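Here the structure is laid out as structure tokens; the discussion comes afterwards.
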Number of protein chains: 2
Amino acid sequence: MRDPSPPVYREIAEALRSAIASGELSDGDRVPGENDLMKRYGVARATARQALSVLINEGIVVAVRGSGVYVRTFRPLRRHGPRRLSRELWGGGRAIWQADTADRAFAADNITVRETAAPEHVARALDLPEQERVVVRRRRYLLDDRPMQLATSYLPAKLAAGTAIAEADTGPGGIYARLAELGHAPAHFTEEIRVRMPSPAEVEELALSAGTPVLDVMRTALTSDHRAVELNEMTLDGSAYILQYDFDA
Amino acid sequence: MRDPSPPVYREIAEALRSAIASGELSDGDRVPGENDLMKRYGVARATARQALSVLINEGIVVAVRGSGVYVRTFRPLRRHGPRRLSRELWGGGRAIWQADTADRAFAADNITVRETAAPEHVARALDLPEQERVVVRRRRYLLDDRPMQLATSYLPAKLAAGTAIAEADTGPGGIYARLAELGHAPAHFTEEIRVRMPSPAEVEELALSAGTPVLDVMRTALTSDHRAVELNEMTLDGSAYILQYDFDA
DNA sequence: CAGTGGTCTAGACCACATT
DNA sequence: ATGTGGTCTAGACCACTGG
């Protein structure tokens, strides 16, 4: 047995949800707004709003101020874990993030480089003494002018300080090509993935609409003799990505 | 320049958020409730509620009816992609989901087995003609009685029908051990990961609190001659898992 | 300009938890 | 019994979008 009578706002939300699921309303279509719902169901405005807020927080509709509420469109980008980090790629002078995007306009943005003492979790991941100096590279990635991802790389200052890695432009092949030239070519990677709802700052930087989760991807790059040479913490727009990993039994 | 004056409810939410971030309020602590906020900030109840709803939808606090609002605790389980699917594991008679959990009480639940025509995306993933018959296994996984994951496996009926794979109990080593016995041992895997907010049905089945995203993991198992033998669609409680993948350059 | 969503107030009744 | 969060009404003013 279910709850004998679900609250009105949930029933309204459910009616709209199933209209969307059935295809009666599809991508980009206008959803009945507050005034429609008030009339149609004879409820107060706050109740109509509450119903819509359920769908907004589920990420299946978006509200546009002054215009209306619309079914959300969802066109993710496939990000292929192993293949994109193959040695041929950055060995060939392409930046690794060019792997996924074919001919689309991918760009980096808001690049900053600092040097600081390693935060605790960074020291642990890179197997450094606490307070050891690290080079910190931050940047934002855009696809067709839409922000997709924030990334922060940490590298031991002993390796990276004074090299192109600490410049805004790291040159052809990016950080990994430079590490290879310095005798620290990445050979193994480990990626950890977490999900969560974004902070307000992330909502702004990634231009996220309400109800969009983010993916935290924490990648550690190891040399062939298993020294950790980079930690890259990425925050991805959850509606923009499909992550793919291939491996053998 | 920011917005000249953020709405009151956002400012209240931000004050609470930073109290949590700074550790002033920590895991499980009680957060000021609606009545507190009304007095402290001199706002109407709806405004106090709106402030709290922001944090609830961000998944950083949970509301308990009749009691109060509390800082959420977060203790995820690490799910190791490649290692858990190594052949030794299911070859040795252990179910693969026992890999991650050491000595904790992991259990499967609500097991159903059906046979139907393959839905379109399943036919595509398994490289079958549309409408081909497939065996469909559904189940829910629990860790220490807490629901963690829903899973649905699809296997070609030509392989699986009439075998232990179509029984509720698939026997030692699970589906993969049975496939191996039938000459279809999985050798390669592909996992695709998506994130989204859960449906109401998933909220119920996984006992999710508000503001918790889910992970969709779609795994395809291939034999050494690259025939697809299983598609497993999993829906994980996003607050319960860290996914890990290791690979080489 | 009319219509939309965004914010806010001031009430009300209810179910539930704790004391 | 009191306090908590959950639902709901009936207003109000605002900022923005669109014709």
Side-chain angles (χ1 to χ4, degrees), chain A residues 1-16 25 28-72 200 203-204 207-211, chain B residues 1-16 25 28-72 200 203-204 207-211:
Chain A
M1 208 64 98
R2 286 288 125 255
D3 297 4
S5 71
V8 181
Y9 77 94
R10 280 186 192 277
E11 292 194 331
I12 298 175
E14 179 50 34
L16 294 174
L25 295 170
D29 280 359
R30 183 187 188 121
V31 171
E34 301 176 356
N35 294 332
D36 295 286
L37 297 178
M38 289 168 70
K39 283 173 215 147
R40 191 176 310 187
Y41 292 93
V43 296
R45 180 150 179 250
T47 305
R49 275 183 75 73
Q50 198 173 7
L52 289 171
S53 82
V54 169
L55 303 184
I56 289 169
N57 284 320
E58 285 174 359
I60 68 183
V61 303
V62 289
V64 181
R65 191 206 205 81
S67 171
V69 180
Y70 302 89
V71 180
R72 180 153 166 186
V203 167
E204 173 145 349
L208 300 173
S209 51
Chain B
M1 206 66 95
R2 286 289 126 255
D3 296 3
S5 71
V8 181
Y9 78 93
R10 280 187 191 278
E11 291 195 330
I12 298 174
E14 178 51 34
L16 294 174
L25 295 170
D29 281 359
R30 184 189 189 121
V31 171
E34 301 176 354
N35 295 332
D36 296 286
L37 296 179
M38 289 169 70
K39 283 173 215 148
R40 192 175 310 187
Y41 293 94
V43 294
R45 182 153 176 247
T47 305
R49 274 183 75 73
Q50 198 173 6
L52 290 170
S53 82
V54 169
L55 303 182
I56 290 168
N57 284 320
E58 285 174 0
I60 67 183
V61 303
V62 290
V64 182
R65 192 204 201 82
S67 171
V69 180
Y70 302 89
V71 179
R72 180 153 165 187
V203 167
E204 174 146 347
L208 300 174
S209 51

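Given the structure is predicted, the values throughout are model-derived calculations rather than measurements. Throughout, protein chains are lettered first and strands after them, A, B, ... in sequence-line order, and every chain is numbered starting at 1.
- Taking atom CG on Leu52(A) and atom P on dT7(C), their separation rounds to 14 Å, with Å as the unit.
- Nucleotides of DNA chain D nearest to Val64(A) and Thr47(A) differ in position, and the one nearer the 5' end is that of Thr47(A).
- Taking every heavy atom of both residues into account, Thr47(A) and Tyr9(A) meet most closely at O-CB, 3.9 Å.
- As rounded to whole Å, 7 Å separates atom P of dG18(D) from atom OH of Tyr70(A).
- One can find a donor-acceptor pair under 3.5 Å joining the base of dG6(C) and the side-chain atoms of Arg45(A).
- One finds no side-chain N or O of Ser67(A) lying less than 4.0 angstrom from the OP1 or OP2 phosphate oxygen of dG3(C).
- Not a single side chain to side chain donor-acceptor pair (under 3.5 Å) links Arg10(B) to another residue, sequence neighbours left out.
- For the pair Asn35(A) and dT4(C), the criterion of a side-chain N or O lying under 4.0 Å from OP1 or OP2 is met.
- Remark: C1' of dT7(C) and CD1 of Ile56(A) are 14 Å apart, rounded to the nearest angstrom.
- Residue Arg49(A) places none of its side-chain N or O atoms closer than 4.0 Å to OP1 or OP2 of dG5(C).
- Mapping Asp36(B) and Val43(A) onto DNA chain D by nearest heavy atom places Asp36(B) at the nucleotide closer to the 5' end.
- Across every non-hydrogen atom of Ala48(A) and Val43(A), the tightest pair is N-CG2, 4.1 Å.
- Of all non-hydrogen atoms in Ala210(A) and Arg72(A), the two that sit nearest each other are O-NH1, 3.6 Å.
- In this structure, Tyr41(A) places its OH atom 17 Å from C1' of dC8(D), rounding to the nearest Å.
- A donor-acceptor distance shorter than 3.5 angstrom exists from the side chain of Arg30(A) to the backbone of Ser67(A), with no hydrogens or angles considered.
- Side-chain proximity of Arg65(A) to the nucleotides dC8(C), dA15(D), dG5(D) is greatest for dA15(D).
- Rounded to a whole Å, the CG atom of Leu37(B) is 17 Å from the P atom of dG3(D).
- Within 4.0 Å of Ala46(A), counting heavy atoms only, lies at least one base atom of the nucleic acid.
- Rounded to an integer number of Å, the gap from Glu34(A) CD to dA12(D) C1' is 14 Å.
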